[in-house]
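Shown next, in structure tokens, is the structure this report addresses.
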Amino acid sequence: MATMTRQQIAQALGRPGLLCVEMTALDEATVRTAAQAIADMWQSSGVGHLWRIPGADGVRARVWADVARESDGWDRGQLLLFEHS
């Protein structure tokens, strides 16, 4: 897997607070459940399309999220659960 430089990341995401999550799961339902969990916390793109890599197990998806903006009804205090010490 190639590593992106800080400049490439800044160009792809545009501003602080935006992130891209690429996920792999054994089945489509799990990917959709994970994407919904992200959408429940932050504004996100949801799952655009799913794909598979020939010869590799799993279903893949990419979700874009804006962690600077809350999803409607989400208590931002829950974010503390995800902070690292």
Side-chain angles (χ1 to χ4, degrees):
M1 177 182 289
T3 303
M4 293 177 71
T5 66
R6 185 178 178 90
Q7 183 178 8
Q8 289 170 320
I9 293 168
Q11 288 175 337
L13 297 176
R15 67 174 171 76
L18 299 180
L19 65 92
C20 175
V21 178
E22 190 168 302
M23 56 186 85
T24 305
L26 288 177
D27 60 281
E28 186 175 321
T30 301
V31 170
R32 292 190 185 283
T33 299
Q36 185 59 52
I38 291 169
D40 288 346
M41 291 187 287
W42 303 296
Q43 288 186 358
S44 76
S45 64
V47 175
H49 74 278
L50 304 173
W51 74 91
R52 296 177 187 271
I53 295 177
D57 291 333
V59 177
R60 296 171 189 257
R62 186 174 292 130
V63 175
W64 300 86
D66 185 345
V67 299
R69 297 182 186 185
E70 300 171 16
S71 178
D72 291 341
W74 184 68
D75 176 7
R76 194 153 185 86
Q78 294 177 27
L79 184 59
L80 298 176
L81 298 173
F82 301 104
E83 289 182 357
H84 296 302
S85 311

Handout entry: Pairing residues for Thr33 by the side-chain hydrogen bond (donor to acceptor under 3.5 Å, both in side chains) criterion, not counting sequence neighbours
Key = none
Practice task
Measure across Ala61 and Val47 and return the closest heavy-atom pair with its distance rounded to 0.1 Å.
Solution key: CB-CG1, 4.0 Å
Handout entry: Nonpolar side-chain network containing Ile53, other nodes, edges under 4.5 Å
Key = Trp51
Fill in the blank from the handout: Hits for side chain to side chain contact (heavy atoms under 4.5 Å, CB included) against Asp57, two or more places apart or cross-chain, chain-then-number order -> none
Practice task
Using the salt bridge (Lys or Arg N to Asp or Glu O under 4.0 Å) rule, collect all pairs that involve residues 24-38, keeping only residues at least two apart or in two chains.
Solution key: Glu28-Arg32
Problem - Considering all heavy atoms, the nearest Met23-Ala34 contact - result: SD-CB, 3.7 Å
Handout entry: Results of side chain to side chain contact (heavy atoms under 4.5 Å, CB included) for Arg52 - residues two or more places apart only
Key = Val59
Completion exercise
By side chain to side chain contact (heavy atoms under 4.5 Å, CB included), Thr24 pairs with (sequence neighbours left out) Arg60
Exercise for the section: Could I get the full list of side-chain hydrogen bond (donor to acceptor under 3.5 Å, both in side chains) partners for Arg62, not counting sequence neighbours? Expected result: Glu22
Fill in the blank from the handout: side chain to side chain contact (heavy atoms under 4.5 Å, CB included) filter on Ala25, not counting sequence neighbours, yields Thr30, Val31
